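Structure first, then comments.
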Amino acid sequence: MSSEPKYRAPALQKGLSILETLAHASEPMSMSDISTALERSRNEIFRMLQVLEEMRYISRDASGGYSLTNRLFALSMHQPPVRDLLSLAFPVMQKLADDVGQSCHIAVASGAEMVVVARVEAPGLLGFAVRVGYRRPLNVSASGLTLLAFEPEARRSQMLDEIELLDGKFDRAALITQLDDIVAEGHVARESRMINGILDISAPILAAGEARAALTIPYVSGASAKMDADRTTEFIRRAALEISHALQGTRIE
């Protein structure tokens, strides 16, 4: 059977390729960088960059480098699944932050990455918060591991395939073993790979047998901590369970 697409839209494909390339870039890219990455001439992408910039999907910095704006992210936030999740989760997140004295955030899967879609900051003067829109590969973040672990097997396998396209060096068998251990434990608790002194504690928000989101606390220990990490874990698991039941219209027994 032929794998050739039934319809072609070269301009659309070119524009989407530019957006995907910028999405995976760690810093702004010049026009030359983009043309090299896409194996297209500068003339081919010049007009497309102009249109994407005019429509505010991308922006240019002072040096002329292009990067994504948050326009795509803002559009996705209007989708009913995310909108409903956040409307139900915010009151629970606020109470969680007040109870444990730590900030918390919610992340969802976006391709091979997790993206933070909501946060509530710690009620005191001290705390650590992750900005909305922050992205990390699923396999290297507590939120991402939670999202991977609590997916049905077929969906998890598909997500691992997407990760492999970006990072062919990761040990798939070892990661699957780690994910199975997370399911058995019911949550993730691991030292942050980005910030020293932060313990990322994450629990799944489940509905219809799959992970809709991950509720995560970047736990800051010390004399000012309201409670220890173990007690905080109990609170975050209870909060994630409460949001899960609210999504499904059921009550916690």
Side-chain angles (χ1 to χ4, degrees), residues 85 89 92-110 112-124 126-132 134-151 156 159-160 163 167 170-207 210-245 247 252:
L85 166 67
V92 180
M93 294 173 67
Q94 188 65 65
K95 185 175 186 304
L96 174 64
D98 291 340
D99 287 343
V100 303
Q102 304 274 347
S103 66
C104 61
H105 58 266
I106 280 182
V108 298
S110 176
E113 298 177 314
M114 71 81 183
V115 57
V116 174
V117 296
R119 75 172 186 180
V120 172
E121 295 192 17
L126 299 177
F128 179 82
V130 178
R131 65 178 175 81
V132 172
Y134 176 75
R135 290 175 174 268
R136 286 283 285 164
L138 289 168
N139 57 316
V140 299
S141 63
S143 296
L145 290 172
T146 300
L147 292 166
L148 280 170
F150 292 91
E151 287 289 359
R156 182 201 283 185
M159 294 167 81
L160 291 175
I163 293 171
D167 179 13
F170 86 101
D171 188 330
R172 185 170 183 141
L175 178 57
I176 290 174
T177 298
Q178 182 182 8
L179 297 176
D180 291 341
D181 290 342
I182 291 170
V183 172
E185 190 71 19
H187 68 276
V188 174
R190 53 178 271 173
E191 296 293 332
S192 171
R193 294 186 179 182
M194 301 297 293
I195 305 293
N196 292 336
I198 300 293
L199 178 70
D200 290 325
I201 307 171
S202 184
I205 296 172
L206 305 170
E210 62 183 36
R212 294 292 178 86
L215 177 62
T216 303
I217 287 177
Y219 177 82
V220 182
S221 60
S224 62
K226 192 172 183 178
M227 61 181 69
D228 63 23
D230 289 340
R231 184 67 172 148
T232 300
T233 300
E234 294 176 13
F235 273 76
I236 193 172
R237 290 185 60 162
R238 180 74 178 183
L241 183 62
E242 183 177 345
I243 298 169
S244 298
H245 279 274
L247 281 173
I252 300 176

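Nothing fancy with the numbering, it's 1 onward along the sequence. The structure presented is a predicted model; accordingly, all values stated were derived computationally and were not measured.
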Side-chain donor-acceptor pairs under 3.5 Å in residues 177-187, sequence neighbours left out?
| from | atom 1 | to | atom 2 | distance (Å) |
| --- | --- | --- | --- | --- |
| T177 | OG1 | A173 | O | 3.2 |
| D180 | OD1 | R156 | NH1 | 3.1 |
| H187 | ND1 | R237 | NH1 | 3.3 |

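- The shortest side-chain heavy-atom distance between M194 and Y134 falls under the 4.5 Å cut-off.
- What you find for V108 and A213 is that their closest heavy atoms are CG1-CB, 3.9 Å.
- Across all non-hydrogen atoms, the minimal contact from L147 to A109 is CD1-N, 3.6 Å.
- A side-chain contact (heavy atoms from CB on, under 4.5 Å) with I217 is found for exactly one of L96, T233, L199, D200, namely L96.
- For the pair I198/V220, a side-chain contact is recorded, criterion being any heavy-atom separation below 4.5 Å from C-beta on.
- Across all non-hydrogen atoms, the minimal contact from L145 to N139 is CD2-O, 3.9 Å.
- Evaluation of the salt bridge (charged side-chain N to carboxylate O under 4.0 Å, His left out) rule for D99 yields K95 as partners, not counting sequence neighbours.
- Expressed to the nearest 0.5 Å, how far CD of E121 lies from CD of Q102 amounts to 12.5 Å.
- Scanning both residues, M93 and I106, for their nearest heavy atoms gives SD-CD1, 3.5 Å.
- Using a distance-only test at 3.5 Å, with no hydrogens or angles considered, no donor-acceptor pair links the side chain of K226 to the main chain of T232.
- Here the straight-line distance linking atom CD1 of I236 with atom CG of L215 works out to 4.0 Å at 0.5 Å rounding.
- For the pair Q94 (side chain) and V120 (backbone), a donor-acceptor distance under 3.5 Å is absent.
- Proximity of a side-chain donor or acceptor of S244 to a complementary backbone N or O of L206 within less than 3.5 Å is detected.
- Atom CZ of residue F235 and atom CD1 of residue I201 lie 12.0 Å apart, to the nearest 0.5 angstrom.
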